[in-house]
Every structure is written in structure tokens, then in C-alpha cells.
Amino acid sequence: MDNFAIKRPEGGRVGLPPMPEPSTNEIVCRFAPSPTGQLHIGGARTALYNWLLARGSGGRMILRIEDTDRVRSTKENVDQIIEALEWLEIDWDGDPLSQAGHQSRHLEVIQQLKQSGHAYEHEGATRLRVPEDGETVVRDLIRGDVTFKHEAIDDFTIARSDGSPLYNLAVAVDDLDSGVTHVVRGEDHLSNTPRQVMILKALEQEPPVYGHLPLLHGPDGKKLSKRHGAASVQELRDAGFLPQAVRNYTALLGWGYDDKQTFFSTDELVKLFSLDRVGRSAAVFDEQKLRWMNGTYLREMDPGQLTVALEAFTGRDGLAGAAGLCREKIQTLADFWPLAGFFFDGPAEDAKAHAKFLDEEGRARLGEARDALATLEPFTDESIENALREVVERLDVKPKQLFQPVRVAISGTTISPGIFESLALLGREESLSRIDKAISAA
RNA sequence: GGCCCCAUCGUCUAAUGGUUAGGACGUCGGCUUUUCAAGCCGAAAACCGGGGUUCGACUCCCCGUGGGGCUACCA
């Protein structure tokens with residue numbers, strides 16, 4: 001167990017150079033959010049892509065909280081991020097790292113940079129010396145090499161005047177210390193990347209390769225952020241979306257496989273995802289498409305799973321029957337209760353529906369339906385349908401002239417699951433009681 | 001302002017010099033029909049503009065235009 005990694009065929013490798021350490025080619029990714037509250041969908045996608053890259057390559061996934069800004073970095077905010085990742089079933093290796101926890105190392109590096117002449121103090125803060133000439137190239141797997149001329153970059157601050165390390169320094173050092181090989185993050189970080197590369201070069205270290213993802217935009221075309229009513233993972237969860245649907249949908253925001261496939265299981269994503277098929281232009285989050293996709297996932301669940309999910313979401317029990325009747329009609333878990341609540345909490349109060357279908361004629365037809373159902377044996381989908389269709393024929397009315405009044409009588413409104421199935425699920429006693437109530441409630 | 005990135009239907013995308021520019025969501029129409037959905041069938045809908053390069057450009061290059069990001073002793 002402890003040395004399986006160096007197991008090799010008998011007699012092999014004699015005279016060959018030593019086998020490289022298994023870690024040499026290992027991809028190490030990291031997701032490094034700053035804890036500003038709920039994880040928004042852009043952050044979720046960044047986390048997902050890193051995770052797919054790590055898991056797809058047998059590499060490692062690091063979670064690091066960028067908490068050097070102590071004001072924003074509350075435990076609640078950190079918990080929100082972890083909660084969101086857990087809900088998405090995105091995991092990581094080892095404990096979450098705290099950037100603030102590495103401060104002594106950061107301070108050490110700042111000292112080192114000062115001593116080597118790469119950094120200097122200015123009005124108490126510490127700045128990195130950026131040469132006037134030359135350029136820094138960022139190796140980006142998505143965009144190709146991106147070149148920044150040094151003349152456009154000022155000497156930038158790496159430590160505050162109170163000595164505390166700043167973001168660009170902390171990121172570069174932490175990525176280095178963790179052995180991060182692939183920095184995959186939003187494009188909003190691209191302009192800062194040459195600074196991080198310069199810090200690494202000043203330390204005589206090789207920078208990682210980068211992959212700057214296109215940003216996610218709101219419907220207004222601006223960067224998706226808290227201010228734009230951005231969908232956070234928690235909001236999506238509370239709106240009744242399934243984690244597997246959110247994973248599938250967000251994977252497609254900036255990445256595509258071919259012209260045939262839209263649905264990808266998580267295993268398929270792990271297998272098929274690659275950075276070279278990630279696009280370069282910003283994408284707009286489209287809740288409509290997510291809803292459609294979520295509905296498809298919902299319909300793919302087996303009845304037991306769906307019931308469990310609905311019961312967890314609504315906090316109610318005994319939903320199996322209603323779940324079965326609604327599975328074709330809902331796109332999110334939240335769609336269920338408005339459609340099926342009447343089974344449990346009684347008919348809704350839709351005055352318009354009442355007025356339209358429970359007029360005198362409607363109530364008269366209800367009476368006929370009631371009689372047909374009162375002694376029906378057995379009381380099943382099929383027998384109910386047969387009985388009510390007989391009534392339709394006998395009264396010589398259109399089917400909906402009978403069925404809609406019945407629907408309103410039992411559900412309170414014009415939209416419901418199939419009427420025969422609904423009656424059967426409700427049971428004879430409750431069905432008759434609701435019909436009676438509708439007839440008498442003139 | 002400076003620097004950087006980006007540009008195919010309304011939206012997400014496929015195409016990697018030669019296609020009637022494909023698919024999906026949404027929209028519209030039809031079928032089905034007990035409502036609403038779901039499902040099935042069909043339709044409308046795109047290469048930002050201008051120059052090059054090439055026998056041939058959505059694809060390569062340049063310039064515009066447009067959008068976005070960064071430009072903190074925030075991350």
C-alpha cells in the first residue's frame with residue numbers, strides 16, 4: 001500500500017535513469033475564493049473547472065480561502081463557500097487553506113525581496129521594483145501568451161505600511177508553496193497576473209501556467225456580481241435546482257464538447273473536460289436554459305429519488321403519490337408545491353377559476369360527476385376515467401366542460417396534474433367532499 | 001486616459017481555409033389533448049465593419065467599431 005506507486009514489472013528499468021517522482025507531472029489546481037458571502041455562479045464555475053481538471057488528470061485540488069482582508073473574512077462567509085461547494089459535490093484535497101494563516105511566510109518573502117534588492121520601502125509600504133524595460137509574458141492555456149510591457153506597470157505594493165502582505169504577493173507565494181501547476185481563474189485576474197509572475201521571477205522560481213476564464217455576464221452585459229442580482233449557488237439551491245443540473249449547465253458556460261452533446265454526467269465531464277476547449281468570450285447566464293435542463297434531470301430521477309428530493313425540499317412527508325403525478329410538469333423542486341399543494345392543504349382559492357367553471361351549469365355537471373363517482377368500484381385512474389367519460393357522453397358536452405369544473409372543485413384552480421389520477425390519489429371520500437363543497441358554495 | 005482580453009442566431013455553443021454555417025434554450029406554428037406541462041414535428045433567427053493574404057475566408061493578418069476587465073497600502 002505504501003509503495004504501490006513504484007511497483008514495476010519484474011526485471012524492468014535496469015540501467016534506466018531513476019523513475020521520476022509520481023508528483024512530477026501531477027496537475028495541482030486550486031480554487032481560491034475571497035470570502036465575500038455566498039458563492040456566485042461564476043465562482044462555482046471556476047471551482048468546477050479546477051475540480052474537473054484535477055479529477056480528470058488524477059491530480060490534486062486545493063481550496064484556499066483568500067482571507068488577507070480581515071474585514072470581509074468572517075467565519076460565516078467562509079462557511080457559505082464551503083457549504084456551496086459541498087452542495088455542488090465539489091471536493092478538495094486536504095483541509096481548506098487560509099491565506100492569512102501563511103502570513104509569517106509572506107513576511108519572510110517580503111524580507112527576502114527587500115534584501116535581494118527586488119523590493120524597497122516607500123512611505124512605509126513595500127513595493128516591488130518593476131524594471132523600466134522589458135516585458136513579462138503570461139503563459140495562458142486559454143488565450144495563448146499574453147505580453148505586458150513593463151513600462152505600463154508601476155512599482156506595485158506588496159505590503160502595507162503596517163507590514164501586512166498584500167494580495168499579489170500572497171497569491172504568488174501560496175501558489176508556489178502549494179506546488180500549484182495550473183492557475184485557473186476568472187479573466188478579471190489577468191491584468192494582475194504579470195505582477196504575480198514578476199514576484200515569482202524575483203524569487204527565481206518558475207511560474208505556473210495560467211488559464212483565464214471568460215467572465216460571466218448578467219443579462220445587462222456587465223460582469224456578473226453581487227450587485228447584478230447574481231445567482232448564487234445558495235439561491236439556485238433554494239429555487240429548487242439540482243446540483244447535477246447546475247454542474248452540467250455551468251460546465252457549458254465557456255466550454256463545449258461538440259455539436260451533439262448537451263447533457264453530461266459528472267463522470268463524463270471529468271473525462272471529457274479540457275482547457276483547450278474553453279472559449280474566450282464572456283457568457284451570459286440564462287436561467288431559462290437552466291430550468292429546462294433541470295426539468296430534464298428531474299424527469300430522469302427514479303420515483304423514489306424524486307420523492308426524497310421533494311420531501312427534503314418542502315419539508316413535508318408522504319409526497320410519493322403526488323410526486324409521480326407531477327414529475328412531467330415541473331422544472332424545479334420549487335414548482336412542485338404550487339402544483340400539488342392542494343392534495344395536502346386543500347383546494348387553492350382562485351376566484352377567477354371558480355367564477356368561470358363553477359357557475360350554475362358547471363355545478364350541475366359536478367352533480368352528475370359526483371353520482372358517477374359515489375359508488376364506483378374500484379376507485380382507480382382507469383375506472384374514474386371510464387366513469388367520467390360516460391358522463392360526458394350522456395350529457396353530450398365537451399370533455400373539458402366536465403373535467404374543468406371537477407378540476408376546480410378538487411384543486412381550486414385550473415391548473416393541476418391529470419384529473420383522473422388526482423381524484424384517485426385524493427381518494428373517494430375526499431374527492432366527493434370537495435365536489436360537494438364546490439356544488440354548495442354558490 | 002493607459003494597459004489587457006474578447007467578437008457566429010435574442011442566449012449558450014459547433015466549425016480549426018472549401019458546410020445549404022450544425023445543435024441546444026427561448027420564440028412562433030402544428031400534432032397530441034381534460035388544464036398546465038411533457039413529448040413529437042416544423043419555422044423564423046447569426047458569421048460586427050473595412051481592408052488585406054489566398055484559387056478560396058466564420059476560420060489567418062491589419063485597422064476600425066463595439067463590449068468587457070484591470071489600473072488600491074481590496075481580493
Side-chain angles (χ1 to χ4, degrees), chain A residues 32-36 65-73 99 122-127 138 140 142-144 146-149 151-154 156-168 170-171 185-195 212 214-217 219 221-223 249-250 252-263 277 279-293 295-296 298-299 326-331 335 338-339 353 357 385 388-389 392 398-408 411 413-422:
Chain A
S34 59
T36 54
I65 307 296
E66 307 264 314
D67 53 357
T68 51
D69 180 347
R70 303 308 292 177
V71 182
R72 293 196 239 175
S73 305
Q99 185 155 73
H122 177 75
E123 288 172 14
T126 306
R127 290 173 174 273
V138 173
D140 190 298
I142 296 171
R143 283 153 216 287
V146 184
T147 302
F148 295 83
K149 291 197 165 49
E151 59 191 23
I153 301 177
D154 295 329
F156 59 95
T157 313
I158 57 175
R160 299 183 179 90
S161 45
D162 69 2
S164 58
L166 253 8
Y167 169 74
N168 282 127
V171 169
R185 73 222 308 192
E187 198 206 323
D188 49 341
H189 290 275
L190 182 53
S191 295
N192 273 319
T193 305
R195 296 181 172 83
H212 286 95
L215 262 19
L216 259 31
H217 285 178
K222 296 276 196 293
K223 175 186 173 185
Y249 178 73
T250 53
L252 261 21
L253 251 24
W255 175 86
Y257 183 62
D258 60 17
D259 62 345
K260 299 184 178 60
Q261 194 170 356
T262 302
F263 286 91
R277 289 199 65 87
R280 293 172 305 267
S281 54
V284 174
F285 177 77
D286 179 8
E287 187 173 335
Q288 282 301 317
K289 190 163 183 176
L290 209 210
R291 287 184 61 83
W292 161 78
M293 181 168 273
T296 304
L298 235 30
R299 258 161 259 123
C326 293
R327 68 184 283 123
E328 300 298 313
K329 300 173 187 298
I330 59 177
Q331 290 187 309
D335 290 345
L339 193 63
F357 292 105
E385 175 162 8
L388 291 185
R389 288 199 188 280
V392 166
K398 288 182 181 167
K400 64 174 66 171
Q401 290 179 298
L402 177 69
F403 298 152
Q404 281 300 76
V406 173
R407 189 185 310 283
V408 174
S411 77
T413 187
T414 54
I415 298 172
S416 82
I419 193 64
F420 316 122
E421 297 87 341
S422 293

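Residue numbers start from 1 in every chain, and the chains themselves are labelled A, B, ... in the order their sequence lines are given, proteins ahead of strands. Bear in mind that the values here come from a model prediction, so they are computed numbers and not experimental data. Only this structure's heavy atoms are used, side chains among them; waters, hydrogens and symmetry mates stay out.
Taking atom C1' on both nucleotides, B/rU16 is separated from B/rC60 by 11 Å, rounded to a whole Å. When the P atom is compared between B/rU11 and B/rG39, the two are found 24 Å apart, to the nearest whole Å. Between B/rA14 and B/rC28, the two C1' atoms lie 25 Å apart (nearest whole Å). Taking atom C1' on both nucleotides, B/rA21 is separated from B/rA57 by 13 Å, rounded to a whole Å. When the C1' atom is used for both B/rG22 and B/rA15, the distance is 8 Å, rounded to whole Å. For B/rA45 and B/rU13, the C1' atoms lie 15 Å apart once the distance is rounded to whole Å. Taking the C1' atom of each, B/rU53 and B/rC74 are spaced 47 Å apart, rounded to whole Å. Rounded to a whole angstrom, the distance from the P atom of B/rU59 to that of B/rU19 is 13 Å.
With B/rU34, B/rC70, B/rC12 as the candidates, the nucleotide lying closest to the side chain of A/Val284 is B/rC12. Which of B/rG68, B/rC3, B/rC12 sits closest to the side chain of A/Ala152 comes down to B/rC3. Of the candidates B/rG69, B/rC12, B/rA75, the closest approach to any side-chain atom of A/Leu215 belongs to B/rG69. Across B/rG68, B/rU13, B/rU35, the shortest atom-to-atom separation from the side chain of A/Glu187 is found for B/rG68. Nearest to the side-chain atoms of A/Ser191 among the listed nucleotides B/rC5, B/rC70, B/rC25 stands B/rC70. With B/rG26, B/rC70, B/rU35 as the choices, the nucleotide that has an atom nearest any side-chain atom of A/Thr414 turns out to be B/rU35. Side-chain proximity of A/Ala125 to B/rC6, B/rG69, B/rC73: nearest is B/rC73. The listed nucleotides are B/rC6, B/rA24, B/rC3; the one nearest the side chain of A/Arg280 is B/rC6.
A/Lys289 contributes a side-chain N or O that forms a donor-acceptor pair with the base of B/rA24 under 3.5 Å.
Nucleic acid contact for A/Ser34: sugar-phosphate only, since backbone atoms but no base atoms lie under 4.0 Å from a heavy atom of the residue. Using a 4.0 Å heavy-atom cutoff across all strands shown, A/Arg299 reaches sugar-phosphate atoms only and no base atom. Among the protein residues, A/Gly254 comes within range of the sugar-phosphate backbone only, with heavy atoms under 4.0 Å from sugar or phosphate atoms but none that close to a base. Nucleic acid contact class of A/Glu123 (heavy atoms, under 4.0 Å, all strands): base. At a threshold of 4.0 angstrom between heavy atoms, the contacts of A/Arg291 with the nucleic acid are absent. At the heavy-atom level, A/Ser281 lies under 4.0 Å from the strands shown only through sugar-phosphate atoms. The residue A/Leu166 sits close only to the backbone: its heavy atoms come under 4.0 Å of sugar-phosphate atoms, none of a base. Backbone-only engagement by A/Phe148 is indicated by non-hydrogen atom pairs under 4.0 Å involving sugar-phosphate atoms exclusively. A/Thr157 comes within 4.0 angstrom of the backbone, heavy atoms only, and of no base. A/Pro35 comes within 4.0 angstrom of no nucleic acid atom, judged by non-hydrogen atoms across all strands. Within the nucleic acid shown, A/Arg407 comes within 4.0 Å of at least one base atom, counting heavy atoms only.
For B/rU54, there is no paired base (Watson-Crick or G-U wobble, both distances below 3.5 Å). Both distances falling under 3.5 Å, in either a Watson-Crick or a G-U wobble arrangement, occur for no nucleotide opposite B/rU19. Figure legend. B/rC36 is base-paired to no nucleotide; pairs are counted as Watson-Crick or G-U wobble with both atom distances under 3.5 Å. Pairing partner, B/rU8: none, since no Watson-Crick or wobble contact has both distances short of 3.5 Å. Base pairing of B/rC28 is made with B/rG42, judged by Watson-Crick or G-U wobble geometry with both donor-acceptor distances under 3.5 Å. Pairing for B/rC47 is absent, with no Watson-Crick or G-U wobble pair whose two atom distances lie under 3.5 Å. Pair check for B/rA72 finds none; no Watson-Crick or G-U wobble contact set falls under 3.5 Å.
Summarising the geometry, the separation between CZ on A/Arg143 and C1' on B/rG68 is reported as 10 Å, rounded to the nearest angstrom. Going from atom NE2 of A/His217 over to atom P of B/rA7 covers 13 Å, rounded to whole Å. At whole-Å resolution of the value, CD in A/Gln404 and C1' in B/rU33 are 12 Å apart. Summarising the geometry, the separation between CD on A/Glu287 and C1' on B/rG10 is reported as 17 Å, rounded to the nearest angstrom.
In terms of position on RNA chain B, the residue among A/Gln288 and A/Ile419 whose nearest nucleotide sits closer to the 5' end is A/Gln288.
Note on ring orientation: taking the six-membered ring where Trp is involved, the planes of A/Phe403 and A/Phe420 are perpendicular (angle over 60°, cut-offs 30° and 60°).
Between A/Arg160 and B/rC74, a side-chain N or O to OP1/OP2 separation shorter than 4.0 Å is present. Within the 4.0 Å cut-off from OP1 or OP2 of B/rA15, at least one side-chain nitrogen or oxygen of A/Arg277 is found. Between A/Ser416 and B/rU35 there is no side-chain N or O to OP1 or OP2 distance below 4.0 Å.
A/His212 has its side chain within reach of A/Thr193: a pair of non-hydrogen atoms, C-beta onward, lies under 4.5 Å apart. Taking 4.5 Å as the limit, every side-chain heavy atom of A/Gln401 sits out of range of all side-chain heavy atoms of A/Phe357. When side chains are defined from C-beta on, A/Thr262 counts as touching A/Trp292, because their heavy atoms get closer than 4.5 Å. Contact of the A/Val392 side chain with the A/Leu402 side chain is registered, since non-hydrogen atoms from C-beta on lie closer than 4.5 Å.
Using a distance-only test at 3.5 Å, with no hydrogens or angles considered, a donor-acceptor pair links the side chain of A/Asp258 to the main chain of A/Gln261.
No salt bridge links A/Glu187 with A/Arg280; every basic N to acidic carboxylate O contact stays at or beyond 4.0 Å. Comment: A/Asp154 does not engage A/Arg127 in a salt bridge, judged by the lack of any side-chain N to carboxylate O separation of less than 4.0 angstrom.
Aromatic rings of A/Tyr249 and A/Trp255 (six-membered ring for Trp) have centroids beyond the 6.0 Å cut-off, not under it.
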